Peer 1: 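One structure is given below, represented as structure tokens, and several questions about it will come after.
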Amino acid sequence: MADPSVRVSPHCWKARFALAHKGLEADLVPWRFHQRGSAESGTATVPYLFDGDQLISDSWRIAVYLESCFPERPSHFGSPDAVPLARMINSWIDLTVMPLLGRVVIPDVFEALDPLDQPYFREARQKRFGITFEDLRAERESWSLKFLDSLAPLRRQLSDNPFVSGTAPGYADYCVMGAFMFARCTGNSNLISRADASVVAWNDRMLGLFGGLGRSAPVVI
């Protein structure tokens, strides 16, 4: 982003919540699209985590790595048997929810980017979605409604449980919250406020976790 304090990547937010859940701290390094060819990690995507001489890329792999290396700290999953279910939630968000949310939010991301990043971002995302940013803006309300409809499984889960993971937050919650932070940090928190009351209440609980990690995050102005 043009403002390096604003972090919008849903996958990076998954990793940040995973670290916070374990009570771990990390140095956060801003990364921009025009740095793709010179990324220190050698990978073109974020997040990636350096732990000593270990390099772990991909938010899911980071969560599994932290669970393995810090078993004495609070578990992301509760038990090994719950890991596949958390991965399913992660896949549901990535494959179903994010493509819909992206069509609402991506034009706003473009406007907030460093000008050096905008040509690449426009070309890559318009190719991915098969539509121009201008047409996405014209169809914003339609895609907003489709995104809200996609949250039906979340609404059902939260009708009986305070968190996606059950009685306490876990990595499945952070998978969903990564998407919601994508909306919030791009100035689209009003979209989440239109969701079902149980989802809005859950989002508020999640924003308050870890000393208000989500609530205090800078947003696009």
Side-chain angles (χ1 to χ4, degrees), residues 1-33 35 39-41 43-52 54-78 83 86-87 89-94 97-98 101-102 105-106 108-109 112-113 154 163-165 168-189 191-192 199 202-221:
M1 309 301 287
D3 179 352
S5 71
V6 177
R7 313 293 174 84
V8 304
S9 166
H11 306 295
C12 289
W13 274 109
K14 293 178 197 177
R16 290 189 67 181
F17 277 106
L19 285 162
H21 184 98
K22 289 287 186 180
L24 299 169
E25 296 184 358
D27 294 327
L28 304 179
V29 180
W31 184 91
R32 292 176 173 171
F33 290 103
Q35 296 173 306
E40 181 182 359
S41 69
T43 179
T45 59
V46 292
Y48 55 86
L49 174 71
F50 283 106
D51 182 25
Q54 293 289 315
L55 167 64
I56 310 93
S57 62
D58 180 82
S59 55
W60 174 260
R61 292 191 183 96
I62 288 172
V64 171
Y65 174 84
L66 295 175
E67 187 78 353
S68 174
C69 291
F70 301 95
E72 75 285 358
R73 293 175 179 262
S75 173
H76 286 145
F77 307 109
V83 175
R87 187 160 195 179
I89 297 294
N90 188 58
S91 296
W92 168 62
I93 290 295
D94 287 352
V97 176
M98 280 301 302
L101 177 59
V105 171
I106 285 296
D108 296 326
V109 176
L113 284 175
L154 181 63
F163 295 98
V164 179
S165 300
Y171 192 72
D173 293 88
Y174 309 144
C175 293
V176 182
M177 197 59 187
F180 281 25
M181 290 301 296
F182 184 47
R184 179 182 178 85
C185 292
T186 54
N188 288 281
S189 58
L191 179 59
I192 306 303
V199 175
W202 170 85
N203 180 64
D204 190 64
R205 289 193 290 274
M206 294 297 294
L207 289 172
L209 292 179
F210 314 122
L213 173 65
R215 199 184 309 281
S216 63
V219 302
V220 171
I221 299 176

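Bear in mind the structure is a predicted one, so any value in this text is a computation, not a measurement. As a basis for the values below, the full set of heavy atoms in this structure was taken, side chains included, without hydrogen atoms, waters or symmetry mates.
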Peer 1: Any idea which heavy atoms bring M1 and V220 closest together, and the distance?
Peer 2: CE-CG2, 3.8 Å

Peer 1: Taking it one step at a time, do E25 and L19 satisfy side-chain contact (heavy atoms from CB on, under 4.5 Å)?
Peer 2: CA-CA 7 Å; E25 296 184 358; L19 285 162; over 6 Å; no

Peer 1: Once you round to the nearest 0.5 Å, how far does SG of C69 lie from CD1 of I56?
Peer 2: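 Rounded to the nearest 0.5 Å, the SG-CD1 separation comes to 7.0 Å.
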
Peer 1: Considering the options I89, V97, V176, which one meets the side-chain contact (heavy atoms from CB on, under 4.5 Å) requirement together with L154?
Peer 2: V176

Peer 1: For the residue pair P10 and A179, what are the closest heavy atoms and their distance?
Peer 2: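 Between these two residues, the closest heavy atoms are CB-N, 4.0 Å.
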
Peer 1: If the plane angle is over 60° it's perpendicular, under 30° parallel, otherwise tilted; pick one for F77 and W60.
Peer 2: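 Taking W60 first and then F77, their aromatic rings sit tilted (interplane angle of 30° to 60°).
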
Peer 1: Are the aromatic ring centres of F180 and W202 under 6.0 angstrom apart?
Peer 2: yes

Peer 1: Between D173 and S165, does any side-chain donor sit less than 3.5 Å from a side-chain acceptor?
Peer 2: yes

Peer 1: Hey, could you give me the CG/CZ distance between L24 and R16, rounded to the nearest 0.5 Å?
Peer 2: 14.0 Å

Peer 1: Using every non-hydrogen atom in the two residues, find where V105 and A183 come nearest and quote the distance to one decimal.
Peer 2: CG2-CA, 4.4 Å

Peer 1: Counting only N and O atoms by type, is there a donor-acceptor contact under 3.5 Å from the side chain of R184 to the main-chain atoms of R215?
Peer 2: yes

Peer 1: If you look at every heavy atom in S9 and V46, which pair is closest and at what distance?
Peer 2: OG-CG2, 4.2 Å

Peer 1: Please name the pair of heavy atoms, one in P4 and one in A2, separated by the smallest distance, quoted to 0.1 Å.
Peer 2: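 Nearest pair, atom of P4 first, then A2: CD-O, 3.3 Å.
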
Peer 1: With ring centroids as reference points, do Y174 and H21 lie under 6.0 angstrom apart?
Peer 2: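 Y174 vs H21: aromatic centres under 6.0 Å.
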
Peer 1: Under the 3.5 angstrom rule, does the side chain of S68 hit a backbone N or O of V64 as a donor-acceptor pair?
Peer 2: no

Peer 1: Applying side chain to side chain donor-acceptor pair (under 3.5 Å) between K22 and each of E67, E72, H76, report the one that passes.
Peer 2: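 Output: one option passes, namely E67.
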
Peer 1: Mind running side-chain contact (heavy atoms from CB on, under 4.5 Å) on S59 and F17 for me, showing each step along the way?
Peer 2: CA-CA 10 Å; S59 55; F17 277 106; over 6 Å; no

Peer 1: Indicate whether the side chain of D58 and that of Y48 have a donor and an acceptor atom separated by less than 3.5 Å.
Peer 2: no

Peer 1: Looking only at heavy atoms, what is the nearest atom pair of Y171 and A18, with distance?
Peer 2: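 What the structure gives for the nearest pair is CE1-CB, 4.0 Å.
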
Peer 1: Okay, side chain of R73, backbone of G23: is any donor-acceptor separation there less than 3.5 Å?
Peer 2: yes

Peer 1: Would you sort out whether L191 and L101 count as a side-chain contact (heavy atoms from CB on, under 4.5 Å), showing the intermediate values?
Peer 2: CA-CA 10 Å; L191 179 59; L101 177 59; 3.6 Å; yes

Peer 1: Would you give the length of the straight line joining atom OG of S57 to atom CD1 of I62, rounded to the nearest 0.5 angstrom?
Peer 2: 7.5 Å

Peer 1: Rounded to the nearest 0.5 Å, how far does SG of C175 lie from CZ of R87?
Peer 2: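 If we round to the nearest 0.5 Å, R87:CZ and C175:SG are 10.5 Å apart.
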
Peer 1: Please report the C-alpha distance between L207 and M177 in whole Å, then the side-chain angles of each, then the deciding distance to 0.1 Å, and finally whether the side-chain contact (heavy atoms from CB on, under 4.5 Å) criterion is met.
Peer 2: CA-CA 9 Å; L207 289 172; M177 197 59 187; 3.5 Å; yes

Peer 1: Can we say D94 and K14 salt-bridge, meaning some charged N sits less than 4.0 Å from an Asp/Glu carboxylate O?
Peer 2: yes

Peer 1: Between N188 and T186, is there a donor-acceptor pair closer than 3.5 Å when you use the side chain of the first and the backbone of the second?
Peer 2: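 Checking the backbone N and O of T186 against the side chain of N188, a donor-acceptor pair under 3.5 Å is found.
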
Peer 1: Tell me if the CZ atom of R61 is crowded by more than 12 foreign heavy atoms within 6.0 Å.
Peer 2: no

Peer 1: Ring centres of F210 and W13 under 6.0 Å apart?
Peer 2: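 Ring centres of W13 and F210 not closer than 6.0 Å.
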
